[in-house]
Number of protein chains: 4
Amino acid sequence: MEKKKVPTSIKDQQLIEKRRNQMIKGAVNLFKEKGFHRTTTREIAKASGFSIGTLYEYIRTKEDVLFLVCDSIYERVKERMEQAIDMEKQSISSLKNAVRSYFQLIDDMQDEVIVMYQEVKSLPKDAQEYVMQKEKDMVHMLERVIQNSLPYDLSDKEITLIANNIFVQGQMWSFRRWILQKDFTLEEYIEKQLSLLFQMLNLDEHVTKIKG
Amino acid sequence: MEKKKVPTSIKDQQLIEKRRNQMIKGAVNLFKEKGFHRTTTREIAKASGFSIGTLYEYIRTKEDVLFLVCDSIYERVKERMEQAIDMEKQSISSLKNAVRSYFQLIDDMQDEVIVMYQEVKSLPKDAQEYVMQKEKDMVHMLERVIQNSLPYDLSDKEITLIANNIFVQGQMWSFRRWILQKDFTLEEYIEKQLSLLFQMLNLDEHVTKIKG
Amino acid sequence: MEKKKVPTSIKDQQLIEKRRNQMIKGAVNLFKEKGFHRTTTREIAKASGFSIGTLYEYIRTKEDVLFLVCDSIYERVKERMEQAIDMEKQSISSLKNAVRSYFQLIDDMQDEVIVMYQEVKSLPKDAQEYVMQKEKDMVHMLERVIQNSLPYDLSDKEITLIANNIFVQGQMWSFRRWILQKDFTLEEYIEKQLSLLFQMLNLDEHVTKIKG
Amino acid sequence: MEKKKVPTSIKDQQLIEKRRNQMIKGAVNLFKEKGFHRTTTREIAKASGFSIGTLYEYIRTKEDVLFLVCDSIYERVKERMEQAIDMEKQSISSLKNAVRSYFQLIDDMQDEVIVMYQEVKSLPKDAQEYVMQKEKDMVHMLERVIQNSLPYDLSDKEITLIANNIFVQGQMWSFRRWILQKDFTLEEYIEKQLSLLFQMLNLDEHVTKIKG
DNA sequence: AATGAATGAGCGTTCATTCAT
DNA sequence: CATGAATGAACGCTCATTCAT
């Protein structure tokens with residue numbers, strides 16, 4: 001898929017990158033604290049370290065900021081997932097590693113994940129679709145890991161479902177932190193979810209069976 | 001927990017109830033369509049069938065409307081979950097029924113579920129906690145069903161985790177509809193999730209094992 | 001032609017009329033001084049005697065104010081022209097009276113005429129057409145007076161041209177005041193223009209010939 | 001009258017002239033399309049073929065551009081009027097030629113004439129007076145032609161009035177095009193106006209009397 | 001108890017102008 | 001001389017909230 005471009009009146013590509021990174025950094029913090037709608041463009045400009053006029057040299061609308069933020073989060077998540085998932089030698093343990101890395105990464109980016117999940121709907125339709133596509137790509141990565149790791153075959157639907165479950169269980173660690181993070185450490189959470197997963201997949205040679 | 005009260009200047013309790021129901025009905029539709037922030041108080045008043053002045057006789061702030069709406073949705077969800085879960089005779093099949101009913105109900109109230117999950121963060125802190133408590137109550141219900149249905153014992157943590165997983169898999173049917181509902185019918189989704197769940201719980205006598 | 005309606009959220013028709021008159025009065029003065037573009041909506045609100053919020057209860061856009069102003073000016077001009085032109089007993093002297101009244105009226109409404117002539121182009125297309133139609137109506141009135149007053153026949157084109165000439169000579173008294181009003185009093189201007197007109201129409205029994 | 005100078009920080013006179021001509025050319029088209037206020041300095045710079053920074057090396061304010069444009073238009077109009085009016089051998093037919101040329105020229109420069117008449121009011125006071133002076137000069141030229149062409153004497157006031165009428169009838173062809181140019185071709189318009197003029201001046205040996 | 005006109009703080013956005021490079 | 005990134009005052013407009021009737 002084509003990278004969606006946000007128009008700007010600035011010509012220096014490096015400067016665009018630099019300023020937009022400032023912007024994203026500033027905006028994520030604000031969105032996390034008060035949400036997209038309650039954050040003003042002036043606050044974004046200030047948090048980014050430049051004036052409101054300069055902000056608008058690099059975007060057209062406030063929604064562009066949100067898009068830039070979402071896009072950057074996905075990009076970073078995807079990048080890290082790709083690193084974590086070594087597609088060469090796939091085995092049960094590589095599935096385990098992939099899931100672990102994914103959960104780890106969600107934990108690192110908790111705030112970003114929350115921002116994304118609460119604000120994508122504020123994006124204009126086309127940007128929403130673009131972002132959904134990215135999410136589909138990520139679920140797809142999980143699907144492939146599962147498929148390649150299992151010593152037996154599962155139907156596509158089952159794989160899809162399991163991948164989505166894992167994906168959402170990751171996000172859940174962020175957006176249900178108020179209920180989960182008082183009962184579980186990250187490690188516990190990861191190991192318990194993995195244990196359930198492997199139980200489900202009948203791959204429990206490596207983990208204690210839920211019920212003996 | 002005490003029912004959270006929204007102050008009003010009106011004395012007649014019946015009238016308050018009536019007007020607030022009009023309000024919730026009108027507002028929920030608007031929130032579904034355009035979200036809380038994009039909906040104006042005038043629109044809410046109009047959709048409720050009275051004037052902006054009257055609206056403000058029954059609430060103090062716009063956020064009160066959101067709270068009323070969220071509260072009402074939770075109430076309805078909880079009510080239906082309670083009906084679905086027959087706590088008397090608990091068995092494996094009653095767990096199955098409970099999960100089925102829960103997924104069914106989420107499907108019925110898709111829009112409402114989305115409204116809730118996208119807008120709670122706009123609630124003032126105290127209302128957020130109130131609503132979170134309700135959600136905890138609901139997860140608790142699931143926990144009890146699981147505990148009472150299983151022919152063996154699981155640790156509290158495992159039960160909590162499984163309950164949360166089920167809970168979120170329900171919500172996922174709503175807020176990931178764009179990815180799930182093109183691949184699955186509701187029935188398929190329910191049965192496949194149940195199948196995975198029972199596999200995980202080693203209760204697969206009733207369902208085909210994922211892998212023989 | 002249908003009267004173009006400017007939407008408002010106010011229900012009380014009398015109040016609308018009252019507030020809009022305040023608005024028009026305030027706005028004409030400002031437009032006259034600094035032009036439409038240099039006048040801010042806050043200034044209009046202030047000059048109208050109410051807040052910016054109230055201003056926008058009675059209009060949708062700043063351009064609506066301009067339209068209201070233009071419409072009101074035309075309405076007043078047209079009204080006075082209609083009074084001045086007694087269509088019953090048309091004669092040479094009634095033509096004279098009509099022109100005199102028209103010039104008189106332009107003098108009374110100098111500022112308004114200037115506002116109109118400098119700002120109509122700032123109106124949105126549809127409002128421009130509406131206003132042009134009104135102007136055509138007014139030229140038409142002059143055409144009829146000419147036609148009915150003359151003791152002989154003129155071609156339609158000649159009548160159109162003469163009517164337009166008179167019409168513009170009127171306006172010219174306003175928008176070329178800096179060149180005309182230092183050489184002529186209004187009476188002089190009227191009588192001299194009438195004299196030239198009657199010379200042109202060969203109706204000079206009542207006026208001294210330009211050249212004896 | 002002294003030529004009004006627009007300050008610049010550039011030394012090279014030829015370059016100034018060159019750049020300003022680029023500027024006028026670009027700006028006039030933009031002003032035609034969208035008016036002075038709706039045109040941005042960036043657009044002017046772009047249309048002129050250089051950067052916004054460079055634009056501001058050759059002017060101090062946006063209004064300077066407008067002045068340069070108006071000045072240039074007046075200059076061109078005046079120049080052509082001077083060519084058209086041969087002051088040597090003045091006769092009735094030279095009056096006719098002068099008027100014809102003037103109308104012709106207005107037709108050629110319709111858009112420019114409209115720009116001028118709609119935007120002069122946006123000029124600063126001193127520039128307005130400068131431009132008004134130019135217009136007085138032009139009316140003066142018409143006055144002299146009339147005076148020198150007539151076989152009899154007219155009072156100064158009569159001459160002034162007739163000159164202004166002619167002048168405005170020319171402009172009218174531009175700014176009332178929506179009403180005139182659907183009924184008249186330019187030739188028709190010229191001949192009919194000339195016919196009325198000569199009737200008025202009792203110079204109708206060459207044209208059919210309006211009424212025999 | 002119901003109405004709806006009034007308010008004004010505050011929003012997103014623009015654009016003339018400056019000035020370091 | 002030329003560039004274009006940076007600035008921020010100012011704009012048009014919205015909408016939650018109040019309060020006189």
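Chain letters run A, B, ... following the sequence lines, proteins first and then strands; every chain starts at 1. Computation of the quantities below employed the complete heavy-atom set of this structure, encompassing side-chain atoms and omitting hydrogens, waters and symmetry-equivalent molecules. Just so it is clear, the model here is predicted, and its values are computed rather than measured.
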Exercise. Measure distances between side-chain N and O atoms of R42(A) and base N and O atoms of dT13(E), and say whether any donor-acceptor pair falls under 3.5 Å.
Key: yes
If pairing means Watson-Crick or G-U wobble with both distances under 3.5 Å, then the partner of dC13(F) is dG10(E)
Output yes when a side-chain donor or acceptor of R60(A) lies under 3.5 Å from a complementary backbone atom of P7(A), and no otherwise.
no
Contact under 4.0 Å: R19(D) side-chain N or O vs dA2(F) OP1/OP2: yes
Report task. Answer with base, sugar-phosphate or nothing: what part of the nucleic acid does T39(B) contact at a heavy-atom distance below 4.0 Å? Result -> sugar-phosphate
Taking dG8(F), dG4(F), dA5(E) as options, the one with an atom nearest any side-chain atom of I52(B) is dA5(E)
Item to check | Presence of salt bridge, K134(C) and E75(C), under 4.0 angstrom | outcome: yes
Rounded to whole Å, CD of Q14(A) lies from C1' of dG4(F) at a distance of 16 Å
Under a 3.5 Å limit on both distances, the Watson-Crick or wobble mate of dT21(F) is dA2(E)
Counting just side-chain N and O atoms, does T41(D) come under 4.0 Å of either OP1 or OP2 of dA16(E)?
-> yes
Q) Checking all strands, does I10(C) fall into the base, sugar-phosphate, or nothing category for heavy-atom contacts under 4.0 angstrom? A) sugar-phosphate
- Query: Salt-bridged, E112(C) to K32(C), with N to O below 4.0 Å?
  - Reply: no
Atom CD of Q13(A) and atom C1' of dA5(F) are separated, to the nearest Å, by 14 Å
From CG of L66(C) across to P of dG12(F) the rounded distance in Å is 13 Å
Rounded to whole Å, CZ of F50(A) lies from P of dT18(E) at a distance of 23 Å
E63(B) atom CD is separated from dC15(F) atom P, nearest whole Å, by 16 Å
message = So that I can tick it off, tell me whether R19(B) and E57(B) are bridged by a salt bridge, with the cut-off set at under 4.0 angstrom between side-chain N and carboxylate O.
response = no
Tell me what T54(D) touches on the nucleic acid: a base, only sugar-phosphate, or nothing, going by heavy atoms under 4.0 Å.
base
Comparing L55(C) with F36(D), nearest DNA chain E nucleotide closer to 5' gives the residue L55(C)
I59(B) CD1 to dA2(E) P, in whole Å, measures 14 Å
Judged by nearest nucleotide, the residue sitting upstream toward the 5' end of DNA chain F, D12(A) or Y56(C), is D12(A)
Practice task
Establish, with yes or no, whether the OP1 or OP2 oxygen of dA6(F) is under 4.0 angstrom from a side-chain nitrogen or oxygen of Y58(A).
Solution key: yes
To the nearest angstrom, the CE-P distance between M23(C) and dA6(E) comes to 13 Å
Ranking S9(A) and R60(B) by the position along DNA chain F of their nearest nucleotide, the one closer to 5' is S9(A)
Of the candidates dC1(F), dT13(E), dG12(F), the side chain of K62(C) sits closest to dG12(F)
Which of V115(B), T40(B), V65(B), T39(B) passes side chain to side chain contact (heavy atoms under 4.5 Å, CB included) with L30(B)? It is T39(B)
TODO: Mark yes or no: K121(B) above the aromatic ring of F36(B), with NZ or CZ under 6.0 Å from the six-membered ring centre and no more than 45 degrees from the axis.
DONE: no
By nearest-nucleotide position on DNA chain E, the 5'-leaning member of G53(A) and R38(A) is R38(A)
L30(D) atom CG is separated from dC15(E) atom P, nearest whole Å, by 13 Å
